[in-house]
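First comes the structure, then the notes that go with it.
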Amino acid sequence: MLQIYNTLSRQKEYFRPLHEGRVGMYVCGPTVYGDAHLGHARPAITFDLLFRYLQFLGYKVRYVRNITDVGHLEHDADEGEDKIAKKARLEQLEPMEVVQYYTNRYHHDMEALNVLPPSIEPHASGHIIEQIAFVQRILDHGYAYISNGSVYMDVEKYAKDFPYGKLSGRNLEDIVTDTRELDGQDEKKHSYDFALWKKAAPEHIMHWPSPWSEGFPGWHMECSTMGTKYLGEEFDIHGGGMDLMFPHHEAEIAQSCAALGHESVHYWMHNNMITIAGKKMGKSYNNFITLQQFFNGDHHLLTKPFSPMTIRFFILMAHYRSTVDFSSEALEAAEKGFARLQEAYTRLQKIQPADKTTVEIGDLRNKCQDAMDDDLNSPMVLQALFDSARAINTIYDQKASISSEDLDELRKVWKDYAIDILGLRLGDEMANDKSQMSNKMSAFNGAVDLLLDIRLDAKRNKDWATSDKIRNNLTELGFQIKDTKDGYEWTL
RNA sequence: GGUCGGUUGCCCGAGUGGUUAGGGAUCGGUCUGCAAAACCGGGGACAGCAGUUCGAAUCUGCUACCGACCUCCA
């Protein structure tokens, strides 16, 4: 049975959905004012893994991942400028052009990583009315106050009735003493009060009418609003990066409790950070490498380009609650490991069954399931698959055999866990879609086969010069030639 | 300063109180015209100190170092 680590209780808990057979999950998506970097891939892949596994288990899952396209201020002050508005000003674009541009690019990158699209991808800007209503509810319940056209959460009042800080393990006293003095906070009662609605400064481009002022919703409002709109006042899972735990998720809890009188989320899940030289990779450190840069190798820390599947594999090699330290060296190791897995999968499709199984194929399916049930332990799943790869290679080398039933089961486990759950594209699309292969492609394949047939003849005649010339020249062109017992294999 | 987490072999990274993680690299062997791939095998580890225990990398305490959050951040 699936166990997931709940940040609220700081331990693994058995997952029991609110409604039999159905799961609602909400994950904090990107703020679309720049290209997605490796750090963005982590939650996307982590919760994609969860999404896929829940579906595999038979749940009907509604997965909501938002697009933040309004409301994140650069500074916590009146003069603060919206990130998207700033980008729009700098690039002389409509804010919505910026939003659309980076949203498209985000989708493109996610597709490359084989991250499934969520069920609903709501935009903050498309839910202003709902957010205003949400703020109004908090006001009605007395947990917020209006100041100079802005609405602020009255954290002190709230903390008297609800445990503020329970998610991140803070108490109000700590926050009082530790919050820095920032400018432009005069209109707040306390520095730890946070904005629910912000009055727009005259030069602010993005603003909407509200009962309180022409302005925009506070930073944390969209998730509370859209989560409950699409998943209900209570739902199962809320995910996001650890760096969002405080203040973002803490504020979400406070908003929900203040508006609804109870919490919304049952299981809070947080993925850890990707580090680079031990430091968190992030916008604020300006040490990030975008996914596009990985894909085309265009960064001084990268020795070469890395395929999206190498990136996905690299992230899955570590458990989602551990930090992962990026380095080009680590990625190269991941690339080779992934190639090994791919190779085994390709061979698995070619294996011919025999009368009986003479190799230990073990309880692969159980191992994979146990690993996934244990808080999505993808490294353990991969370990099991690698063990299985060894067995597959042995069979492929005809040093062992496998029965028809065992082979079917083995193929099914790989399909279920490697392809469907881990979401690895193991590159058999060509083999499976022969019918859809273009004429050009099949002509090309035929030409390469022809060359290697000639080489095979040369080898039989012990004409090593011709044989090596063909192989070396093809290798130079990027082909990988492997001799087999009585033939050859090639890949590009 | 507060809260939380980490420290595993050459590198990346799992893990359980007693039994091989896995991947990469490396070394040796098998196979091969050579190569590649594959297979077999080897070496190499749990930050330090103290404690609990028959037994601890795994539990407890202390120390050192690193990091995250406390401001936007995935």
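Naming convention: chains lettered A, B, ... in sequence-line order (proteins, then strands); numbering from 1 in each chain. Atom set for the values below is all heavy atoms of this structure, side chains included, hydrogens, waters and symmetry mates excluded.
Rounded to whole Å, atom P of B:G23 lies 17 Å from atom CZ of A:Phe314. Between the NZ atom of A:Lys166 and the C1' atom of B:U3 there is a distance of 17 Å, given to the nearest Å. One interatomic measurement links the two molecules: NZ of A:Lys279 to P of B:G5, which rounds to 20 Å at whole-angstrom precision. Between the P atom of B:A36 and the CG atom of A:Asn473 lies a distance of 18 Å, rounded to the nearest Å. Taking atom CG of A:Asp193 as the reference point, atom P of B:U71 lies 13 Å away to the nearest angstrom. Atoms CG (A:Asn272) and P (B:G6) sit 10 Å apart, rounded to a whole Å. Rounded to whole Å, the distance from OH on A:Tyr106 to P on B:C73 is 14 Å. Counting to the nearest Å, the C1' atom of B:A74 and the CG atom of A:Leu291 are 11 Å from each other.
Distance noted for atom C1' between B:A35 and B:G18: 46 Å (whole Å). B:C11 and B:U30: their C1' atoms are spaced 28 Å apart (whole Å). Between B:G6 and B:U58, the two C1' atoms lie 15 Å apart (nearest whole Å). Comparing the C1' positions of B:G43 and B:G29 gives a spacing of 15 Å, expressed to the nearest Å. Atom C1' of B:G28 sits at a distance of 38 Å from the matching atom of B:C65, rounded to the whole Å. Comparing the P positions of B:C62 and B:U26 gives a spacing of 44 Å, expressed to the nearest Å. When the P atom is compared between B:C12 and B:G67, the two are found 15 Å apart, to the nearest whole Å. B:C59 and B:C54 have their C1' atoms separated by 16 Å, given to the nearest Å.
For the pair A:Lys399 and A:Thr323, both in contact range of RNA chain B, the more 5′-proximal nearest nucleotide belongs to A:Thr323. Two residues, A:Trp464 and A:Asp374, neighbour RNA chain B, and the one matched to the more 5' nucleotide by heavy-atom proximity is A:Asp374.
With hydrogens and angles disregarded, no donor-acceptor distance shorter than 3.5 Å links the side chain of A:Thr310 to the backbone of A:Phe306.
Contact check on A:Glu250 versus A:Lys166 returns no salt bridge, with no Lys/Arg side-chain nitrogen under 4.0 Å from an Asp/Glu carboxylate oxygen. A salt bridge links A:Asp483 to A:Lys459: one of the charged nitrogens lies within less than 4.0 Å of a carboxylate oxygen. Look at A:Arg425 and A:Glu111 and you find a salt bridge, because one of the NZ, NE, NH1 or NH2 atoms lies within 4.0 Å of a carboxylate O, short of that distance.
Candidate nucleotides B:C69, B:A74, B:A14 were compared by shortest atom distance to the side chain of A:Arg170, and B:C69 ranks first. Among B:A74, B:A38, B:G13, the nucleotide with an atom closest to any side-chain atom of A:Met273 is B:A74. With B:A38, B:G22, B:C11 as the choices, the nucleotide that has an atom nearest any side-chain atom of A:Glu329 turns out to be B:C11. Comparing atom distances between the A:Arg455 side chain and each of B:C34, B:C70, B:G22 picks out B:C34 as nearest. Of the listed nucleotides (B:A74, B:A14, B:C39), B:C39 has the atom at the smallest distance from the side chain of A:Asp397. When the nucleotides B:G2, B:A74, B:C39 are ranked by their closest atom to the side chain of A:Thr394, B:C39 comes out on top.
Checking the phosphate oxygens (OP1, OP2) of B:A37, no side-chain nitrogen or oxygen of A:Arg340 falls inside 4.0 Å. Between B:A25 and A:Lys336, a contact under 4.0 Å exists linking OP1 or OP2 to a side-chain N or O. Taking only side-chain nitrogens and oxygens, A:Tyr285 comes nearer than 4.0 Å to OP1 or OP2 of B:A68. Distances shown here put a side-chain N or O of A:Arg390 below 4.0 Å from the OP1 or OP2 atom of B:G23.
Residue A:Met242 is out of contact with every strand shown, counting any heavy-atom pair closer than 4.0 Å. Across all strands shown, A:Gly169 has heavy atoms under 4.0 Å from sugar-phosphate atoms exclusively, and none from any base. Residue-level contact check: A:Arg321 touches neither bases nor backbone, having no heavy atom under 4.0 Å from any strand. Within 4.0 Å of A:His270, counting heavy atoms only, lies no atom of the nucleic acid at all. Using a 4.0 Å heavy-atom criterion, one finds that A:Asp468 contacts the bases of the nucleic acid, with or without backbone contacts as well. At the heavy-atom level, A:Val324 lies under 4.0 Å from the strands shown only through sugar-phosphate atoms. Residue-level contact check: A:Lys280 touches the bases, meaning some heavy atom is under 4.0 Å from a base atom. Base engagement by A:Ile274 is indicated by at least one non-hydrogen atom pair under 4.0 Å involving a base atom. Within the 4.0 angstrom heavy-atom criterion, no nucleotide atom of any strand lies near A:Leu38. A:Asn377 comes within 4.0 angstrom of the backbone, heavy atoms only, and of no base. Within the nucleic acid shown, A:Ser168 comes within 4.0 Å of sugar-phosphate atoms alone, with no base atom in reach, counting heavy atoms only. In this structure, A:Asn271 reaches the bases: a heavy-atom distance under 4.0 Å links it to at least one base atom across the strands shown. Residue contacts for A:Met317: at a heavy-atom cut-off of 4.0 Å it reaches a base atom on one of the strands shown.
For an aromatic pair to be called close, the ring centres must be under 6.0 Å apart, and A:Tyr230 with A:His127 satisfies this. Between A:Phe194 and A:His220, a ring centre-to-centre spacing shorter than 6.0 Å is recorded.
A 3.5 Å limit on both hydrogen-bonding distances identifies no Watson-Crick or G-U partner for B:U32. Nucleotide B:C4 forms a pair with B:G67, judged by Watson-Crick or G-U wobble geometry with both contacts under 3.5 Å. Using N1 to N3 plus N6-O4 or O6-N4 for Watson-Crick, or N1-O2 and O6-N3 for G-U wobble, each under 3.5 Å, B:C62 pairs with B:G48. Within the shown strands, B:G18 is the pairing partner of B:C54 under the Watson-Crick or G-U definition, both distances less than 3.5 Å.
For B:A35, its base sits under 3.5 Å from the side chain of A:Arg471 at one donor and acceptor pair at least. Side-chain N/O atoms of A:Asp483 and base N/O atoms of B:C34 include a donor-acceptor pair closer than 3.5 Å. One donor-acceptor pair, N or O on each side, does fall under 3.5 Å between the base of B:G33 and the side chain of A:Ser467.
With no hydrogens or angles considered, a side-chain donor-acceptor pair links A:Ser9 and A:Glu13 at under 3.5 Å. The closest side-chain donor-acceptor pair between A:Asp373 and A:Tyr53 falls under 3.5 angstrom.
The aromatic ring of A:Phe386 does not sit over the base of B:G23, since the test of centres under 5.5 Å and planes under 30° is not met.
Geometrically, A:Arg65 does not engage A:Tyr26 in a cation-pi contact defined by less than 6.0 Å to the ring centre and at most 45° from the axis.
Across all their heavy atoms, A:Asp69 and A:Ser125 have their closest contact at OD2-OG, 2.6 Å.
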